[in-house]
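Just so you know, these numbers use all the heavy atoms, side chains as well, and skip hydrogens, waters and symmetry mates. Sequential numbering from 1 along the given sequence is applied to the chain's residues.
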Amino acid sequence: MSPRIVVAGASMAGLRAAEQLRAAGWTGAITLVGAEPHMPYNRPPLSKEVLAGRAPFESLAFRPRASVADVEWLLGRKAVAARLDRRTVRLDDGSVLSYDGLVVATGTRPRRLRCAGPSAGRHTVRTLDDAQGLRAALTRPGARVVVVGAGFIGCEVAATAVGLGVAEVTVVDPLPLPMAGPLGELLGRALRRRHERRGVRFVLGAGVAGFAGADRVTGVVLDDGSVLPADVVVESVGSVANTEWLDGNGLDLRDGVLTDPLLRVGGRPEVVAVGDVARFPNARYDGVPRRVEHWSIPTDSAKHAAKALVGHLHGAEPELPPFAPLPTFWSDQHDFRLQSFGAPLLGKDDVRVLDGDPDGDVLVGYHRDGRLVGVVALGGQAVASAAARYRAELLRQPALTV
């Protein structure tokens, strides 16, 4: 049988992995396995343009490079088990794929609330089908919407719902401010003010104890016993890495798939992980393995992992530096944008305004041990462009630790 690399996961990370395998010199077979029936597509617009009805699916689909025109796509199929010692992956239809190299790109799924009450009327936003189903619910006359979770997706959905004309949009979160986890207090307060001015209501410092209703949700029961009326509930409470299919192989799967600095898995140079599912040490910072769910990571990790994997399969162990990406994300909400470069999470204890004012457009710097480790802009295009100018500075800085 001709040499083959199996890519488990056919979303953006899987597609980029296939493209980068070809770019790294792999001429053998590539098989991509994906649980969704769709070809890879761009997910960030799901909570915004797709939910608002401004973007059809055709506009989301990635255009694969010509180099991957010959790859085998197994869509609507799911990896359910693997035997890394035998180099095999079993799919949900019972078929078994053998491989010379394996790329783990199975991503994440939304975390769900484990609460008593009906399930009808409860939504998540991860797939195209999710977004289409939620849009149908939001556009029903008189819909009352409760978003559980004031993170990126929760705030984006709340903003989109208000834009659709939903009269009652409430966001619930146990933290005291929206996005306080990744961005801290200063921007959390600024975001809350912006959302409230546009009609979003916040219930913060509160948890969800259950859901009222018989056949479908009629309310969200908070941990103090109060009930928020709701016809539509959006659960935006984090993600869970899709790693169960790798159980039984002696891997560290506590939060995603632990990799080494070259994105290799479990001491096996023939197995690499890319995208949201990978928990990797970032040599740019402190070397602590973390999962990073930013749009830039699938492409960055695929490029590095492909070189490591193809080098090994060609019999020449790669001389690569440790993986050291500069994380980048953006979030469009209402008529403003959050734009970030670097790792704000590592500098939340030392936050400084670099330009502007939190009541208007503002550029904020995050510092660790006195050193700038991340910047976040909140506002219009001008301040987002100002943040981009710090990218080169962040890239020039040496690692925090060696």
Worked check of side chain to side chain contact (heavy atoms under 4.5 Å, CB included) between L346 and Y366: CA-CA 8 Å; L346 301 183; Y366 294 77; over 6 Å; no
message: Is there a side chain to side chain contact (heavy atoms under 4.5 Å, CB included) between V147 and V145? Walk through the geometry before answering.
response: CA-CA 6 Å; V147 179; V145 179; 4.1 Å; yes
- request: Take I297 and D276 through the side chain to side chain contact (heavy atoms under 4.5 Å, CB included) test and state the conclusion after the steps.
  value: CA-CA 7 Å; I297 293 300; D276 294 353; 5.6 Å; no
query: Please walk me through it: do V157 and L134 pass side chain to side chain contact (heavy atoms under 4.5 Å, CB included)?
result: CA-CA 10 Å; V157 169; L134 177 56; 4.3 Å; yes
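A 4.5 Å side-chain heavy-atom check between P37 and L75 finds every atom pair outside the cut-off. Taking the side chain as every heavy atom from C-beta outward, V104 and W245 approach each other to under 4.5 Å. L74 places a side-chain heavy atom less than 4.5 Å from the side chain of L97. A 4.5 Å side-chain heavy-atom check between V292 and P325 finds every atom pair outside the cut-off. Between T299 and M12, some side-chain heavy-atom pair lies under the 4.5 Å cut-off. Taking 4.5 Å as the limit, some side-chain heavy atom of Y285 sits within range of a side-chain heavy atom of L326. Between V232 and V166 the shortest side-chain heavy-atom distance does not fall below 4.5 Å. Side-chain contact between L46 and L51 is absent, with no heavy atoms from C-beta onward closer than 4.5 Å.
Here the CD atom belonging to Q339 is positioned 9.0 Å from the CG atom belonging to D332, to the nearest 0.5 angstrom. Rounding to the nearest 0.5 Å places CD of E72 at 9.0 Å from CG of L32. The distance from atom CG of L309 to atom CD1 of I5, rounded to the nearest 0.5 Å, is 4.5 Å. L102 CG to T88 OG1: the interatomic distance, rounded to the nearest 0.5 Å, is 10.0 Å. Distance check, rounded to the nearest 0.5 Å: CG of D255 to OG of S239 gives 7.5 Å. Atom CZ of R192 sits about 11.5 Å away from atom SG of C155, to the nearest 0.5 Å.
Using a 4.0 Å cut-off between charged nitrogen and carboxylate oxygen, R396 and E393 do not count as a salt-bridge pair.
Judged by distance alone, the side chain of R135 and the main-chain N or O of A52 form a donor-acceptor pair under 3.5 Å. Using a distance-only test at 3.5 Å, with no hydrogens or angles considered, no donor-acceptor pair links the side chain of D355 to the main chain of L363. Between the side chain of D93 and the main chain of S95, a donor-acceptor pair closer than 3.5 Å is present. Checked by atom type and distance alone, the side chain of D369 never pairs as donor or acceptor with a backbone atom of R371 at under 3.5 Å. In this structure, the side chain of T259 does not engage the main chain of A278 through any donor-acceptor pair within 3.5 Å. Put simply, the side chain of D100 gets close to the backbone of R4: a donor and an acceptor are under 3.5 Å apart.
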Please list, one pair per line, the donor and acceptor atoms closer than 3.5 Å that link side chains of residues 263-275 to other protein atoms, with sequence neighbours excluded.
from, atom 1, to, atom 2, distance (Å)
R264, NE, D260, OD2, 2.9
R264, NH2, D260, OD2, 3.2
R268, NH1, L84, O, 3.4

Could you give the side-chain donor-acceptor pairs of residues 53-70 under 3.5 Å, partners two or more places apart or in another chain?
from, atom 1, to, atom 2, distance (Å)
S59, OG, P56, O, 2.6
D70, OD1, R22, NH2, 3.2
D70, OD2, R22, NH2, 3.2

Return a table of donor-acceptor pairs under 3.5 angstrom between the side chains of residues 167-188 and protein atoms on other chains or two or more places apart.
from, atom 1, to, atom 2, distance (Å)
D173, OD1, L175, N, 2.8
D173, OD2, A150, N, 2.7
E185, OE2, R189, NE, 3.0
E185, OE2, R189, NH2, 3.1

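Residue pairs meeting the ring pair (Phe, Tyr, Trp, His ring centres under 6.0 Å) criterion with at least one partner in residues 101-145, sequence neighbours excluded, are absent. Within the structure, side chain to side chain donor-acceptor pair (under 3.5 Å) contacts touching residues 197-216 (residues at least two apart or in different chains) are R198-D335. Identified under the side chain to side chain donor-acceptor pair (under 3.5 Å) test for residues 32-41, with sequence neighbours left out: E36-Y41, E36-R43, Y41-R43. Sorted by first then second residue, the side chain to side chain donor-acceptor pair (under 3.5 Å) pairs that include residues 141-165, not counting sequence neighbours, are S47-E156, K48-E156, R144-D231, E156-S331. Residue pairs satisfying the salt bridge (Lys or Arg N to Asp or Glu O under 4.0 Å) criterion with at least one member in residues 112-121, sequence neighbours excluded, are listed as follows: R112-E235.
The two atoms that bring W73 and A10 nearest to each other are CZ3-CB, 4.0 Å, heavy atoms only. Contact detail for V353 and P358: the closest heavy-atom pair is CG2-CG, 4.4 Å. Residue L394 comes nearest to R284 through the heavy atom pair O-NH1, 3.6 Å, listed as atom of the first residue, atom of the second, then distance. Considering all non-hydrogen atoms of both residues, G210 and C115 come closest at CA-CB, 3.6 Å. Shown here for I153 and S236, the closest heavy-atom pair between the two residues is CB-OG, 3.4 Å. Between V376 and P344, the closest heavy-atom pair is CG2-CG, 3.6 Å.
F323 and H304 have tilted rings, their planes meeting at an angle from 30° to 60° on a 0 to 90° scale.
Judged as a ring-ring contact (aromatic ring centres under 6.0 Å, His included), and not counting sequence neighbours, H312 has no contacts. Every residue meeting the ring-ring contact (aromatic ring centres under 6.0 Å, His included) condition with H294, not counting sequence neighbours, appears here in chain and number order: F329. Under the side-chain contact (heavy atoms from CB on, under 4.5 Å) criterion, S226 pairs with L222, D224, sequence neighbours left out. A search for ring-ring contact (aromatic ring centres under 6.0 Å, His included) contacts involving W330 returns W295, not counting sequence neighbours.
Taking a 6.0 Å sphere around CG of D349, one finds it holds 12 or fewer heavy atoms contributed by other residues, nucleotides or ligands.
Inspection of the T127 and D129 side chains reveals no N or O donor paired with an N or O acceptor under 3.5 Å.
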